[in-house]
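So you know, we letter chains A, B, ... as the sequences are listed, proteins then strands, and number each from 1. The shown structure was predicted, so the numbers you read here are calculated from the model rather than taken from an experiment.
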Amino acid sequence: MSFLLPDAGLLFWMLIVFGVVFFILAKYGFPVIIDMIDERKKLIDESVQNAKEANEKLAAINAESEAILRNAHEEQAKILREAANTRDELIKEARKKAEFEGEKMLAETRHIIEMEKEDAIRDIRRQVAILSVDIAEKILRRELSSETKQHSVIEELIDEDIAIKS
Amino acid sequence: MTAIFRILLFFTMLFPVATQAIAGSAHDADAKDVDVKKIIFEHVKDSYSWHITTLGDKHISIDLPIILYSPRTGWTTFFSSVFHHDEEYMGFHIAKSGNNEGKIIEYDANGNEIRPTIDISITKTVLAVILNAILLVIIVLCVARWYRLKGTSLEAPKGFVGAFEMLVDMVVYDIAKPNIGKNYTKYVPYLLTAFFFIFLSNLMGLLPIFPGGSNVTGNIAVTMALAICTFIAVNLFGNREYWKEIFWPDVPVWLKVPVPLMPFIELFGLFVKPFALMIRLFANILAGHTVVLAFISIIFITMTVSTIIGSAMTVVSVLFTIFINFLELLVAFIQAFVFTMLSSVFIGLSQPEHHSEHK
């Protein structure tokens with residue numbers, strides 16, 4: 001069973017060798033490796049974080065653009081509605097104005113026609129007056145050709161005048 | 001897969017011929033007896049020279065320096081090759097039997113067998129430890145070099161460096177961090193060194209020939225050294241809470257005064273923990289080596305009985321050995337993992353959070 005007893009010489013060498021190996025590796029070996037692994041881990045973590053943030057940002061931008069688009073649609077609809085309203089109003093107004101103008105023109109025309117008519121009537125009256133005066137002159141000349149006739153007319157007229165005044 | 005199996009079968013068929021030749025040459029003087037116990041013990045135990053193989057009558061081995069201090073001769077250094085022909089050199093022998101079997105002994109004035117006062121010879125296991133250590137340093141520094149040159153671009157490594165990184169990552173983030181807690185970075189270099197040293201030594205032990213094949217982590221002195229390192233790591237930086245729990249634990253007072261029952265148990269546990277680490281690693285690897293050797297020895301034993309049975313058993317035992325070797329590959333990793341894991345658990349226990357303040 002001698003292999004169960006640790007040999008002092010071997011223990012001595014093992015401690016020395018292991019100590020030296022530990023010293024070398026702890027100084028020049030493992031820190032380099034672990035640092036690099038940690039750094040890479042950090043890089044990966046950061047990249048994942050960045051990707052996540054970028055995704056979130058993208059989502060936010062998407063939402064924003066959608067909102068903008070929706071707003072634009074609403075705006076468009078509103079503008080269209082307003083335009084339609086304006087158009088209707090314009091049309092209405094124009095119609096009203098046209099009606100008004102038309103009526104005005106009609107009235108003016110009527111007025112002119114009336115005036116023309118009156119003028120014409122006046123003219124006709126004048127003509128008729130002139131004619132009647134002429135005719136009356138002619139008739140009078142013929143009627144009053146004698147003295148008697150003139151007297152009778154005067155009397156007649158005086159009578160008539162008296163009759164009107166009384 | 002079937003092609004591999006056929007090749008395997010072919011080699012296993014060749015095996016009886018070869019083994020018979022070796023067995024015949026090695027044991028021609030003996031009555032064809034195979035001392036399995038001796039074969040296995042010679043392998044798993046330390047020795048003063050590294051015996052690689054025997055070709056015919058020629059032993060091929062690496063002679064190693066023996067460094068001794070004895071009051072009789074003072075510091076003495078010589079090569080183990082002196083024992084090839086003579087049994088004795090400057091009054092030193094290699095004991096053939098008894099408690100010191102295989103070790104260097106001398107005789108005191110009364111003729112009693114004693115060990116030299118200090119024996120720090122570069123034995124087979126010491127050489128294997130040094131080789132493994134050099135290999136480990138080369139591997140780790142090469143990997144670190146890769147990181148220093150190409151790692152700045154922070155791209156993930158491929159191939160061997162990638163596999164190495166996976167193990168480092170496992171030790172740091174799956175073993176050290178969850179078990180130790182917030183101060184884990186201080187212990188990471190030790191845990192990594194221990195893990196890779198044990199893992200590499202285990203793997204090297206699975207290689208059948210030099211520079212592998214030595215029973216490094218199956219040697220109790222090696223595992224003891226590792227356990228001592230863990231013991232130091234655990235107790236050197238233990239905080240006040242930890243020491244308070246050992247000497248004045250949170251138990252009824254009659255368990256502490258007048259007989260310090262609980263402090264005694266806690267103090268005992270202080271040493272039991274690394275002891276368990278030592279025995280676990282040692283026993284697992286020793287068992288693996290022993291089983292493999294035992295399966296190989298079956299070939300030689302049955303061959304002495306009958307060539308036909310021997311041939312049949314060769315196929316069986318080679319297949320079993322392959323199976324055990326795969327198992328040992330798993331064990332090599334698991335034991336390195338378990339040692340590191342338990343080390344970090346013990347370190348974590350030495351840094352308790354101030355939970356008693358919340359009570």
**Q.** Derivation of the side-chain hydrogen bond (donor to acceptor under 3.5 Å, both in side chains) call for B:S343 and B:T230
**A.** CA-CA 6 Å; B:S343 288; B:T230 293; 3.0 Å; yes
Q.
What verdict does the side-chain contact (heavy atoms from CB on, under 4.5 Å) test give for B:F282 and B:V222, after you've listed the backbone C-alpha separation in whole Å, the side-chain angles of each residue and the deciding distance to 0.1 Å?
A. CA-CA 8 Å; B:F282 157 74; B:V222 173; over 6 Å; no
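B:Y69 pairs with exactly one of B:I120, B:T76, B:I118, B:D119 by the side-chain contact (heavy atoms from CB on, under 4.5 Å) rule, that one being B:I118.
Only the side chain of B:V172 has a heavy atom closer than 4.5 Å to any heavy atom of chain A. Proximity to chain A (any heavy atom under 4.5 Å) is shown, for B:V216, by neither the backbone nor the side chain. For chain A, the nearby part of B:C229 is the side chain; its heavy atoms alone come within less than 4.5 Å. If you measure heavy-atom distances from B:I134 to chain A, you find no contacts under 4.5 Å at all. Contacts between A:F12 and chain B at a heavy-atom distance below 4.5 Å involve the side chain alone, from C-beta outward. For B:N132, no part lies near chain A; criterion is any non-hydrogen pair under 4.5 Å. Interface residue B:I67: only side-chain heavy atoms are found under 4.5 Å from chain A. Only the side chain of B:D46 comes within contact range of chain A, with heavy atoms under 4.5 Å apart. In this structure, chain A has heavy atoms under 4.5 Å from both the backbone and the side chain of B:T125. With a threshold of 4.5 angstrom between heavy atoms, B:A283 does not approach chain A through any atom at all.
For the pair B:K186 and B:F237, the cation-pi test (distance below 6.0 Å, angle within 45°) is passed. Taking the ring centre of A:F22 as origin, the terminal cationic atom of A:K27 falls outside the region bounded by 6.0 Å and 45° from the ring axis.
For A:F18 and B:F197, the ring centers are positioned less than 6.0 Å apart.
Here the CG-CG distance, from A:D38 to A:L43, works out to 12.5 Å after rounding to the nearest 0.5 Å. We find the NZ-CD distance between B:K158 and B:E165 to be 12.0 Å, quoted to the nearest 0.5 Å.
In this structure, a donor-acceptor pair under 3.5 Å is absent between the side chains of B:Q335 and B:T217.
Ranked by non-hydrogen atom pairs under 4.5 Å with chain A, the options B:S121, B:C142, B:P189 are led by B:P189. Contact count versus chain A (heavy atoms, under 4.5 Å) is highest, among B:T185, B:L141, B:V168, B:V126, for B:V126. The candidate from A:I34, A:D35, A:L25 with the greatest count of non-hydrogen atom pairs under 4.5 Å with chain B is A:L25.
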